[in-house]
Amino acid sequence: MRQNRGSIWGVIFLFITSLVHGNEPYVWSLKTNKSSVYVNEAVEIEYTCNFSDKAYLYVIEFTPEGETDEYRMLSLGEIENIKDAKRISTYRYVLFPKKAGQKEIRLTALMRKTTKASIENSVIGRDNVQGYAFSDKEVVLPVVKLEVLDHRERMTGRFALDVTLDKNEVKAYEPVHLDVHVSGEGDFDQMRDINLSIDGVKIFSEAGEKHYRLTEEGFKGEWEQKFSLVGEKSFTIRPIELAYFDIGRKERVVLRSEAFQVEVKEGYAREELLDKVMQEEAAVGWSWSYLYYLLTFISGVVIGGFAARFKRVKKQPKEFEEEIEACRSVKSLLTKLVMQDDERYAALIEKYDVLGEKASLRDLKKELKALLKSN
């Protein structure tokens, strides 16, 4: 008797399908926007679980490890909807590979199934029921396969560098202000603070601030770091450089600012400024720490350098509280307190200056608010 080959192949197909999906009412699928990337280049990963019905009995626990030796993985969000009476659960991530080579990333999800009776018992609140009863099954998801190409730069993406100086000519001990601004798209989390060093110049800086959002192409936004430089003699600010691997040009790019010449003219002598501040210190009992801040920051006010930038005005309590909340570092808040020229803040300035890197911005704001309320 002649065999029906179509029926045989149908049976084989059903058998293979049952092995792969285990006769479960769901199927996982994977989409990636790239198969070949460079180290630290963003890859969008999208896992989708398609159910055969509304699947109200199922709970999915999918929480892949955020960082390993091989990659970092950040969530773009989860989407769940019902289409044609079938549940679709989608999980979007951005992955940053750390090392070069052929990579296979294997992830799992926990499929938790309860029963209608368990739901009813929990809703009714029966005494012998502690919550939903689940039967769990760990599912191996489709493998993420990537070819990761190497390069030697820390940052990967597309960036722009803008460095500005507020003035090129000052009097002795009058500060100039340098602003370093980086914008673009890529692995912004790898951006590091810039360390300036100029002989004979005192340099004050705040920690760089990042303002960005996560997209499928990586982080998009900007990074900024501000500096105040105080010198007795003319000096040069060397060009600031930012090196990164450009994923569009597929090559190393070095962004370089111009050099800045700062001419320092004769002004107040350091001793004169010191004598003036010491007299104030003796009058109100300020600390040497406070003296340090005054000498470096208030000197500009004394000789008119900060007059236009930081105009001293009596601030309303609400306005000052808003400025306090806007501060993003201990140093910036201490500087703002010094600029208030108010002896009430002397103890706080001394305390948090002594703490140095151990100082907590949150604690400083809390103590400052308490001080303002008590006065």
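For this chain, numbers begin at 1 and follow the sequence in order.
- Both tests pass for R72 against the ring of F96: distance under 6.0 Å to the centre and angle within 45° of the axis.
- Between Y212 and D189, the side chains place a donor N or O and an acceptor N or O closer than 3.5 Å (distance only, hydrogens not considered).
- The backbone N or O of C49 sits nowhere less than 3.5 Å from a side-chain atom of Y91 that would complete a donor-acceptor pair.
- Judged purely by distance below 3.5 Å, without hydrogens or angles, the side chains of E147 and S36 pair a donor atom with an acceptor atom.
- Q190 and Y244 share no side-chain donor-acceptor pair at under 3.5 Å.
- Checked for salt-bridge contact, E24 and K137 meet the test: a charged N lies under 4.0 Å from a carboxylate O.
- A salt bridge links E367 to K351: at least one charged side-chain nitrogen sits closer than 4.0 Å to a carboxylate oxygen.
- Applying the side chain to side chain contact (heavy atoms under 4.5 Å, CB included) rule to R362 yields the partners S360; only residues at least two apart in sequence or on another chain are considered.
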- prompt: Run the ring pair (Phe, Tyr, Trp, His ring centres under 6.0 Å) check on F219 and F188 step by step: do they pass?
  reply: CA-CA 6 Å; F219 296 105; F188 250 111; 7.7 Å; no

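- In this structure, E41 pairs ionically with K34, as a charged nitrogen and a carboxylate oxygen lie closer than 4.0 Å.
- For T68, the side chain to side chain contact (heavy atoms under 4.5 Å, CB included) partners two or more places apart in sequence, or in a different chain, are E65, E70, Y71.
- Using a 3.5 Å distance cut-off with no hydrogens or angles, the side chains of R92 and T90 do not pair a donor with an acceptor.
- The pair R158-E217 fails the salt-bridge criterion, with no side-chain N (NZ, NE, NH1 or NH2) lying under 4.0 Å from an Asp/Glu carboxylate O.
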